[in-house]
Protein chains: 2
Amino acid sequence: MTDRDVTLSSAPTPDRGDVVVISVDAMGGDRGPAAVVAGMAESAAVNPDIRFIVHGDEAELRRLVGRRKVLAGRCDIRHAGGVVTMEDKPSQIVRKGDGTSMWSAIESVKTGEAGAAVSCGNTGALMALSMLRLRKLPGVNRPAIACLWPSTNPQGFNIMLDVGADIRADAPDLLQYALMGASYARNGLGLDRPRVGLLNVGTEEHKGRAELKQAQDLILAAAEAGRFDYVGFVEGGDLPSSRADVIVTDGFTGNIALKTGEGTAKLVGTLLKDAFANSIMSKFAAVLAMTSLKRLQKRIDPRRVNGGIFLGLNGTVIKSHGSADATGVSAAIKLAFTLARSGFQDRLAARVAQAAASAPGAEAAS
Amino acid sequence: MTDRDVTLSSAPTPDRGDVVVISVDAMGGDRGPAAVVAGMAESAAVNPDIRFIVHGDEAELRRLVGRRKVLAGRCDIRHAGGVVTMEDKPSQIVRKGDGTSMWSAIESVKTGEAGAAVSCGNTGALMALSMLRLRKLPGVNRPAIACLWPSTNPQGFNIMLDVGADIRADAPDLLQYALMGASYARNGLGLDRPRVGLLNVGTEEHKGRAELKQAQDLILAAAEAGRFDYVGFVEGGDLPSSRADVIVTDGFTGNIALKTGEGTAKLVGTLLKDAFANSIMSKFAAVLAMTSLKRLQKRIDPRRVNGGIFLGLNGTVIKSHGSADATGVSAAIKLAFTLARSGFQDRLAARVAQAAASAPGAEAAS
């Protein structure tokens, strides 16, 4: 495989001056199209370079978009009558999902009209449709979903993948996750030389499953050509730490860890609220501390780190949280915009192709 | 296998009126024997019914124990010159660990002198030695480590197992974890009919790994005889929730989830501290809210839920956190005391034997 193949097979990035077009699936989220359009409006208000193609029920979208002045002339509405629900099985959607807004949203990335797609819908169905329509990148066996994790690192976040694209991952899959995660860290977080760690139950060499030891050898060998540093095994406690920028794991473990972290943060938040509601004195204190507490909330607000990105396909697809409100949708759109504008998709494709070809002297991609 | 076999094979519980003897490994923790003896003193001060056998360097222990009046006449010191370090491999310790304080501490449970053992040392070595000396309960394939997880349930905690005894678990192992976890919930948390959930990446029937679907069928079939309710698949976000009291998973996933939860709570704590240190106003607020914040801290303080219990052996062994201070050690000792006094060990053995014999009409154990 050559670099030319890779360039041809990846979706072209739209190039109309500085304008970036994002394809948005308006349906299928828990809060319906109103929340999605509100999120688009939030993004449009702060980002003059963004345009949208929005997919869903035309009459409803026309009404919702018409109410937002900031979206006037920047929003192309595409009718799709079908909606993928949270209960639909991915296998069903693959067979008969072609009239849905989700299918239509992915199609705009496939044709090259949009630089990336965003959907709040059913994760399994979105991954299945994305794989069907965009196809896997040459050299990729299992695509992955990467999430951002609040951390004590200077950039404020770590990247973890896979968080649920596939429940299995062999050693070569984990190597590809490392390469794709490092590329995402460079283009999404602006890290020149990301530090990659492999999630395990201990940091000692002899711990964990056999495939993790194999993966460790593969990742270590690929670090120099992949322009990242491998920091070794990391533990669950390192996910929010500064030991690594990219944490690699299989989709089963990653999904459990992600939801455990979210659940724990939520519990602490609830207990904190209870603590402050406990007495007149502490209620008064809460009022005084409002600014600080809001800053904290902003920092750990899952809506603001909203957006799992699908890596390893011929095109960029962002999965927003199903329950995302306007703020959450806007965060996912911002991530899509950043990645589309950086040319991330082509760089990632080149990086994976380079590793697959195992060419030690290959030209450096990003 | 009959009930009589089970009773004979489990370690006898000491019966001297209300007194319970706990065997304590004083060495091998990150803070050394001083922290351990301080924890024993904390326990002794609030619990007149507790006695200790403490294992480690005799001269040092004599000095440390001598300084604590509350321990006078309640503490039997057993000399053991060897110390298991955090770096020792379990396989080495199994071959030549018989002069260590850890070995000696387990021995006191084996002989029946103590009702339970507590150690802050190397988890892998403690499990390996416990398996070697106490042996697995008849009917148990893989012993497990169970931890307590702060939750919104009325009892304040959920139980999760396995959190790291073994990195693998087949469907029959997961069934045994469910039985042992339910028994622990009854005797340790006082729940009459615990609700058991199986950790997975989604709550839908069709999600997750094949062995989880098999395990689900086994657990469901055993619920009535095991006197627990099976609530189905649960997700990472349910660990601190009120959906279940006992959460069953393999040791790899459980260990990652446990450390992820601890790491997340720690990050939120750090950010909260930063938030309150941010301005004069918020510093003032923090002083006003001190009582509430301390109550919150107490609730989520990992030291107060300290103590992973080894389930599935002929004897009760509690693994305290390696970095436990006096408060942490005291919490682990309290758990050991509660379980030893409740006769938990014999009840668990009977429960597992009953399930292994698959006798539908068997007499109810607890």
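We name chains A, B, ... by the order of the sequence lines, and we start the count at 1 in each one. Computed over heavy atoms, backbone and side chain alike; hydrogens, waters and symmetry mates excluded. Keep in mind the model is a prediction, meaning the values are calculated, not measured.
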The criterion is side-chain hydrogen bond (donor to acceptor under 3.5 Å, both in side chains); which residues satisfy it with A:Gln155, sequence neighbours excluded? A:Asp245
Shortest non-hydrogen contact from A:Lys259 toward B:Val201: NZ-O, 3.4 Å
Side chain, backbone, both or neither: which part of A:Leu239 has a heavy atom under 4.5 Å from chain B? side chain
Could you tell me which portion of A:Ile247 (side chain, backbone, both or neither) has an atom closer than 4.5 angstrom to a non-hydrogen atom of chain B? neither
Side-chain heavy-atom pair [X], [Y] within 4.5 angstrom cut-off:
X	Y	value
A:Leu267	B:Pro150	yes
B:Ile256	A:Ile256	no
B:Leu212	A:Phe252	yes

Please report the interatomic distance [atom1]([X]) to [atom2]([Y]), rounded to the nearest 0.5 Å.
X	Y	atom1	atom2	result
B:Asn255	A:Asn200	CG	CG	8.5 Å
B:Glu262	A:Thr260	CD	OG1	12.0 Å
B:Lys266	A:Thr264	NZ	OG1	14.5 Å

Sort B:Asp166 into side chain, backbone, both or neither according to what part of it lies under 4.5 angstrom from a heavy atom of chain A. neither
